[in-house]
*Asks:* 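Before I ask anything, let me first share the structure, which is written out below as structure tokens.
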Amino acid sequence: MKLKDIAKEEFYRASYGCAGCAAVLMVRLTIKALGKNSVYVVPANCISTVSCYYPQAPFFVPFTVMAFAATAAALSGISAGFRRRGREDIHVVGLSGDGGTADIGIQALSGAIDCGNKFIYICYDNEAYMNTGIQRSGLTPYGAATSTTPSPCFENRPKKDMMRIVAAHDIPYAATACTSYPLDYMEKVVKASQVNGPTYIHILAPCPTGWGFPPDETIEIGRMAVESGMWHLTEFENGEFRTTYTPKRQRPVSEYLATQTRFRHLSPEQIAAIQKEIDAARD
Amino acid sequence: MKLKDIAKEEFYRASYGCAGCAAVLMVRLTIKALGKNSVYVVPANCISTVSCYYPQAPFFVPFTVMAFAATAAALSGISAGFRRRGREDIHVVGLSGDGGTADIGIQALSGAIDCGNKFIYICYDNEAYMNTGIQRSGLTPYGAATSTTPSPCFENRPKKDMMRIVAAHDIPYAATACTSYPLDYMEKVVKASQVNGPTYIHILAPCPTGWGFPPDETIEIGRMAVESGMWHLTEFENGEFRTTYTPKRQRPVSEYLATQTRFRHLSPEQIAAIQKEIDAARD
Amino acid sequence: MNQKRRLEEVRWHGRGGQGAVLGASMLGSAVALYEGKYAVSFPSFGAERRGAPVQAFTRISDHAIRTRSQIYNPTTIIVLDDTLLDVVDITSGARDGASILINTRKPAGRLPKIPDSLNVTTVDATEIARENIGVAIVNTAMLGALAGVTGLVSLDSIKKAIASTLPEKVVDRNIAAAEAAYKKVGGK
Amino acid sequence: MNQKRRLEEVRWHGRGGQGAVLGASMLGSAVALYEGKYAVSFPSFGAERRGAPVQAFTRISDHAIRTRSQIYNPTTIIVLDDTLLDVVDITSGARDGASILINTRKPAGRLPKIPDSLNVTTVDATEIARENIGVAIVNTAMLGALAGVTGLVSLDSIKKAIASTLPEKVVDRNIAAAEAAYKKVGGK
Amino acid sequence: MKKEKSIPGPVQKAGTIPTRMGSWSTAKPVLKGKCTFCLFCWVFCPEGAIVQDEANRKVTFNFEDCKGCGICVRECPTKAIEMVEQQGDK
Amino acid sequence: MKKEKSIPGPVQKAGTIPTRMGSWSTAKPVLKGKCTFCLFCWVFCPEGAIVQDEANRKVTFNFEDCKGCGICVRECPTKAIEMVEQQGDK
Amino acid sequence: MATEMSVRKYITANEAVAQAARLARVDVVAAYPITPQTSIVEKIAKYIADGEMDADYIKVESEHSALTACMGVRMAGARAFTSTSSQGLEYMHEMLAYAAGGRYPLVLVNVCRSVALPWSIWGDQQDAIQQRDTGWIQIFTETGQEALDMVLQAYRIAEDHRVLLPVMICLDSFIQSHTEELVQVPDQKTVDSFLPRYDPVVTLDVDNPYSISVGGFGKHYARWREEQQTAAEKAGEIILEVGDEFARIFGRHYGGLIEEYRCDGAEAVLVAMGAFTGTAREVVDEMRDEGKNVGLVKVRAFRPFPVEPLRKVISPVKAAAVLDRDCSWGYEGALATDMKAALYGLPNPPAILNFIGGLGGADVPPERMKYMLEKALAADRGTTPHLEFIDR
Amino acid sequence: MATEMSVRKYITANEAVAQAARLARVDVVAAYPITPQTSIVEKIAKYIADGEMDADYIKVESEHSALTACMGVRMAGARAFTSTSSQGLEYMHEMLAYAAGGRYPLVLVNVCRSVALPWSIWGDQQDAIQQRDTGWIQIFTETGQEALDMVLQAYRIAEDHRVLLPVMICLDSFIQSHTEELVQVPDQKTVDSFLPRYDPVVTLDVDNPYSISVGGFGKHYARWREEQQTAAEKAGEIILEVGDEFARIFGRHYGGLIEEYRCDGAEAVLVAMGAFTGTAREVVDEMRDEGKNVGLVKVRAFRPFPVEPLRKVISPVKAAAVLDRDCSWGYEGALATDMKAALYGLPNPPAILNFIGGLGGADVPPERMKYMLEKALAADRGTTPHLEFIDR
Ligand SMILES: Cc1ncc(C[n+]2csc(CCOP(=O)(O)OP(=O)(O)O)c2C)c(N)n1
Ligand SMILES: Cc1ncc(C[n+]2csc(CCOP(=O)(O)OP(=O)(O)O)c2C)c(N)n1
Ligand code: SF4
Ligand code: SF4
Ligand code: SF4
Ligand code: SF4
Ligand code: SF4
Ligand code: SF4
Ligand SMILES: [Mg+2]
Ligand SMILES: [Mg+2]
């Protein structure tokens, strides 16, 4: 895929999202990747909230808001319904936040993967409950301050490894991505759409409001996440993991952490510990 | 641990469970392993149903019935409550079925592991919803007939790999066991009780009623599950998996399948396919 | 309740897994589908498991049956397993003159005492079932015996009910068991 | 509503993140904690995000405030960002004679037309904030200006409210901004 | 305990077993052969119905609890236990 | 569509955007430098507010949708875009 | 009627429901096991396995997902079925309100069971009653036949474009769900003529895209809610309309929102819902034979609540004994409350006596019904004695 | 009172609640974020982080788990706190009924919000009302002060051995939860004297083991349920008792199960719950000034439902206008229904008018309250006009 091959048509505009929101960018890229033969299920989160209030309807394709815990079950049902109606050509896509995926939605997700219907479940990960004002989720990284883990007590549990969790379900296809690498992401979305079964894509989507950085840095910060090893671009297919992108330069994580107010309180020792974890994972 | 070292006192008697029930045996062994300083949370399943109806109270230690989806959350709360009261010496134990673990209870379990309180979550796996009359669960193995997957349509999805799922949560300790290997199981329970954090033990508990075999074969069938490679005795600790028992002889899976009416309908080809999966996993 | 509309109320005693519920059901379908009567049948439900003493019920009438209450005063009692006699009060609530049909190899005299107001019949249905069906599932034999000792249902209807209820491959053997038991108790 | 119990109703206009809500809050606490009056303050809530035009409100009275209804007819309007003048009808519902305080570097004359019945004051709070606080958060400067142009609240109470609300290390700078704005609009 | 009587809600004193399960079984295990005191029967009995005499190490059966599953019979390495059918006349 | 009027319940025709988000921004991107048509700005713009002219490949900004985040400015490899502050007088 | 080729079967109400799901040509079944509902889905699974029914069975991991999946099926334009009980109904509570407010024309069968705590797998109606404010149309049935017939009617009611609300058909557990009796199972062709294909108003249509299940503030929100209430009230009429048409085709009629049994000239009536109304008929007959002027009011539709029909039938009587198999703890039985409110303002109001019974599977035998009616006969107009628990 | 050393703070009702949780010395807080409740737990998290509060904060993955964890804390013999709103309250529905039937003395703060669908993060009371049959004591509050005071009282009520039922304290969203006002925050010592340590009746005690939360059939089941109902009714008395004691110590009294505001000689009253009763006071004052005999009845306890107090205050009036910020779809507003039932049987019954409004965050401004009262003044006794939606 090349930039110039991407559809020019815009299918998502004028949402109430923050300026510089990577999640909004994620929606835009997703629909471009799949085209208008796709329908979207979005549970309670930033994306649904900034897209669902009458009379504003920023999705130009079919979209439905779902209860917070219910995304994957809805995907399963829609997929079965379309199958019954001979419309397997329509892509059934979930756009769920980290909270809606790793916490309250994990059961429905686990169940839907087990059930085996065809859908694409996309988890856009901004590492906290942003819609309700920056509370910690199961995907908030160690060290981050949120409104429920305010410093000095900050988040003291590691980030749940959703990729390993869905891989443990023997899902036919899963991948990680980041909004700073749009082509990589869109290719993965297209790949997922060609699988006849449940698929999962986990995309890191930096949030200027929740992480504490200026809106214009959204892309740069996603890049730093990958380059520092805080995030990886991978695929899981046929039971195997694979890295799809290895950054040319590896940056120290301190640079990444320094860009965001949520990490402001970390001591050099704590930062060193995070760096150590990253280095250990690399080996 | 040796047989003669096991506590002689019985802490669980006169339940309404079926004759030859391995789940009942599991309860008996668990309490013996932990002693009377332990409390039990049991969600809706065979064990709670056969133990909770007034005026019968077969548990001789503190026991509470929990809503089906809520086991792990209750463990978390009890554990926190005891900690606040300075009673960290009390073991807080969940006894949940495969359905209550891999299906409706998986979210609470995932959340409670993430939360990090100290408890022992035991999943006794009889491979279906037995209490409600043998319906398929996420842990029903491929090929089994149940009342919701009656032959010829039998269960066509693989068994969820709960061990990999909890391991993906970086749980400090997890293990698999089988009621036919009581010392192995009890040692694992004791080990779990010494960990200061969430722990998980998954014990295969053959069910004469649901699997279709005579009650006296319960132990033998568990043994065959392990010897045929349908089940493994393992531990997960410090991020690593380890096999704790390798059977002396490896039996063909066909022998195991032949003992149970739930597999009666399987064709030789289907049995061969199951054998192939097992062989592949062994390598 | 309403004397004009006499209800026949049958109580089945068995152990979980012995087929009491299916027996109650086949009796109901026999009279309802093949004798132009009305019937309902239902199990008693408990938290108990296989092996536990259980009950099942069949209510039969010439008129539509509307009551949904439990059966407290059976007119017929069927006992599938004589080991129950030691652990369950099988005659509890029985109406005067109620028929009691017990599967046992013992003669009535060697059973625990049963009030004289009740008519006891014994039949070794286990033996009959083993011979005819090959396994000790006695509900169809007991249905045959019931047809033999009471006018509640005809053997013919029982046979039809068996045919329409059980899996095809075991129908003949169960009909044979019902017939054998029918004869054994003197039905003709 | 009840004329005897005159309510002062202040509406704040800002953009998400500019501090309108905190401004409304500090005004309320200033009069409630330090002037023996009653006050309530509350934001308007929407699904919008940072950058969106938002409102906040302060209601002030000499008597206990019991009403929980919205403010439709403000007696004072505070505008934190003059770019809002193009996109929001800031005078909507204003009572006759209401005071309007706008943060802008432009003189009143160069602003969009505002009805004559309203008393407009402008102040370059952005500049004052930049100078005194170092960042363009203008709510405290606007509070100082408010104290300067209306009798709603004293500068002294505003200073106390700032001190009790903001993090210690920024208190002095914000008080300085409030004072500067107070002076700028002619308060003494 | 003083509150015994007044505990509200669905609770019951632990270990209250008015109904014994012996009545469920139609067969009883009986020790007939040579016992080596290996305790396999004991550990595998789901009901905890097997008791070892502390003094002479002999295993006995508690028929109040035994459900007659036959596991002890099957798991005894020396085949020392046999199942005896009941026929309604204890 | 014939049912348009009568659809009950909380639904809305997709792509109805009575409120445009341009009003949220206080700064506007302006193309000032040399553009190489790389489309980085375009792909990264969350709002889809950048349009490439099919004919001359020039990028332009749709200020009805632009929220002024500045991403295009920052991500343009040639630094061709600049942000211009608004001051309440368009 | 001429063409109706029904088959008589001796089956439980649960199996009757499974037959109805088959006959309704549902596309997808998503359900989760729970006693005493399970045999419904087991039967359906069997029909599918045996090729008697052409539907997909979705294996869900909970009831929350079961109902959600059904909503998904609806959004794709197909027909769905689910059933549950007790904890399962509670566990889908969020989605119940979600589906009703979203105007999803779902059909759910609830086999009424107690809710924990205390645990009980046996019957009362607390589960269904606890959902009375979620916006579902709730219809209680008495027999296997009525259950089957009402599931078929439920699809007509729910999918009617004047309604578009989810319908819950309630069965009583065990005494109905697990009780075998004669049931007429209609033939597919006749059912097809009664229940046409699903004609959705809005779906996730890629050619005519909509945002579905959106939100609104204040007056937008209130408008949708007012429409919802109007539709729920309208459903009362549609239930009658569909019931009449059903009777024309199948020859069975259940009397609308309520059924009056021997209420003519009654001094006292028993008011009840569900299967125990069967027993009550016997009791009424017997007491009438004894010369006592009693009758039975069977409440079939609990939502929409049949205010006018109840006012009409109950105003002339001296007293009504209301049997609630539920309780709004800290108040009284929900049926009693809703009834009193419906009858509020009558100049010379009947006494209303509230009895709570049949809880946790307790039987309500004829004697107890007699007891309630005797008490009602003895009551003075206008009185409302304190509720009485009768399971002792 | 002499020793009370309270501090005046200008805070929101949500922060007042957080202060109450701190003062109640809760051991464990388990809660999940949802607008508009979130700031309660954020404040608590902050107090803990700042060392101002000694409690554990359990991070749960959903509200179902939040309430369950609180039950676990109780079983271990410690004190727990949780709060939620809307979908969150719905999501814990199963556990709500579970906790009440199990006699768990929990305290939950619900910031009342609409429930989806349609989505709305704004306020009405549908969420709390939908739980009216779950067995919780439900108390609605008007101000930040009342919220704080009632959370403290809630622990006393819930833990009273004559009650042992969970208590839900309801706040209205935004107009109360997010509105800053003056609140007296009492000192710890005085609170300690009012609210002693938790004295549990039964715990998971390894030295005196019990089976907790068990099941039963029929009459066993019904006995527990009858005890539960008795306790729920008893709670009415305890609420008064605790309120009086609170007043003695803290000098603030809210009038019991209901509060009558200028009802003396009133011809028409407005009946409402929650924060809008504040506005209603202004309206009543104003209309009284205009010579109109109107009053306000503020319903504080919705469960147990205050039947006797309402009969007493409302029977003399000609008409009552009931404002419901909820609806039992297919019937009417729940407060209206429950009120009519409470007043049932009066010889010359007041008219009861039901207005549904303030839905989805809609304001109920003074004019609309006046409109309702005027309509009531014009109504004839005994009439019950069809409900009216007022958000237009
Ligand atoms: C059952 C339930 N609980 C809580 C909420 C409140 N809620 C809505 S969105 C949200 C946070 C979503 O977080 P995430 O999934 O990470 O998406 P984000 O907001 O970060 O985009 C929460 C807690 C809800 N809608 N439903
Ligand atoms: C929310 C909810 N849904 C369904 C049920 C019904 N239910 C009770 S136990 C059970 C099956 C339990 O299966 P499993 O966990 O495997 O334990 P087992 O019965 O096999 O021992 C089910 C479905 C319930 N109690 N609660
Ligand atoms: S809070 Fe973060 S995720 Fe949500 S709209 Fe704003 S930038 Fe996007
Ligand atoms: S059904 Fe199976 S698991 Fe349940 S009690 Fe019987 S043997 Fe045990
Ligand atoms: S038969 Fe079964 S229950 Fe009885 S003693 Fe042997 S193992 Fe135990
Ligand atoms: S298993 Fe056999 S040998 Fe071993 S202790 Fe038991 S009876 Fe004795
Ligand atoms: S400033 Fe942001 S929204 Fe505007 S065009 Fe640039 S990238 Fe797009
Ligand atoms: S990023 Fe810069 S160079 Fe590339 S297309 Fe945009 S303006 Fe032109
Ligand atoms: Mg998030
Ligand atoms: Mg199981």
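Order of the sequence lines sets the chain letters (A, B, ...), proteins ahead of strands, with each chain counted from 1. Predicted model only: the values in this text are computed from it and were never measured.
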*Asks:* With a 4.5 angstrom heavy-atom cut-off, which part of H:T143 approaches chain D: side chain, backbone, both or neither?
*Replies:* both

*Asks:* In this structure, are over 12 heavy atoms from other groups packed under 6.0 Å from D:E168 atom CD?
*Replies:* no

*Asks:* Does the pair D:L33 and H:L182 meet the rule for a side chain to side chain contact (heavy atoms under 4.5 Å, CB included), with working shown?
*Replies:* CA-CA 8 Å; D:L33 293 175; H:L182 279 180; 3.5 Å; yes

*Asks:* Quick one: do D:R66 and H:D285 satisfy side chain to side chain contact (heavy atoms under 4.5 Å, CB included)? Show the steps, please.
*Replies:* CA-CA 11 Å; D:R66 301 175 300 179; H:D285 286 356; 2.5 Å; yes

*Asks:* Tell me whether D:K160 at atom NZ has more than 12 heavy atoms from other residues, nucleotides or ligands lying less than 6.0 Å away.
*Replies:* yes

*Asks:* Without swapping roles, check the side chain of D:R68 against the backbone of H:G278 for a donor-acceptor pair under 3.5 Å.
*Replies:* no

*Asks:* Around H:R262, counting heavy atoms of other residues, nucleotides and ligands shown, do more than 12 lie under 6.0 Å from its CZ?
*Replies:* yes

*Asks:* Kindly say whether D:S69 contributes a backbone atom to a donor-acceptor pair with the side chain of H:D363 at under 3.5 angstrom?
*Replies:* no

*Asks:* What's the spacing between D:R59 CZ and H:E180 CD if we round to 0.5 Å?
*Replies:* 14.5 Å

*Asks:* Heavy-atom distance under 4.5 Å to chain H: side chain of D:F57, backbone, both or neither?
*Replies:* neither

*Asks:* Mark yes when over 12 heavy atoms from residues, nucleotides or ligands other than H:K9 sit less than 6.0 Å from its NZ; otherwise mark no.
*Replies:* no

*Asks:* Go through D:S164, D:A161, D:A32 and name the one with the most non-hydrogen pairs under 4.5 angstrom from chain H.
*Replies:* D:A32

*Asks:* Using modelled atom types and a 3.5 Å cut-off, is there a donor and acceptor pairing between side-chain atoms of H:Y10 and backbone atoms of D:A30?
*Replies:* no

*Asks:* Can you pull out the residues in residues 38-46 of chain H with any heavy atom less than 4.5 Å from chain D?
*Replies:* none

*Asks:* How many angstroms lie between CD1 in H:I175 and OG1 in D:T67, if you round to the nearest 0.5 Å?
*Replies:* 9.0 Å

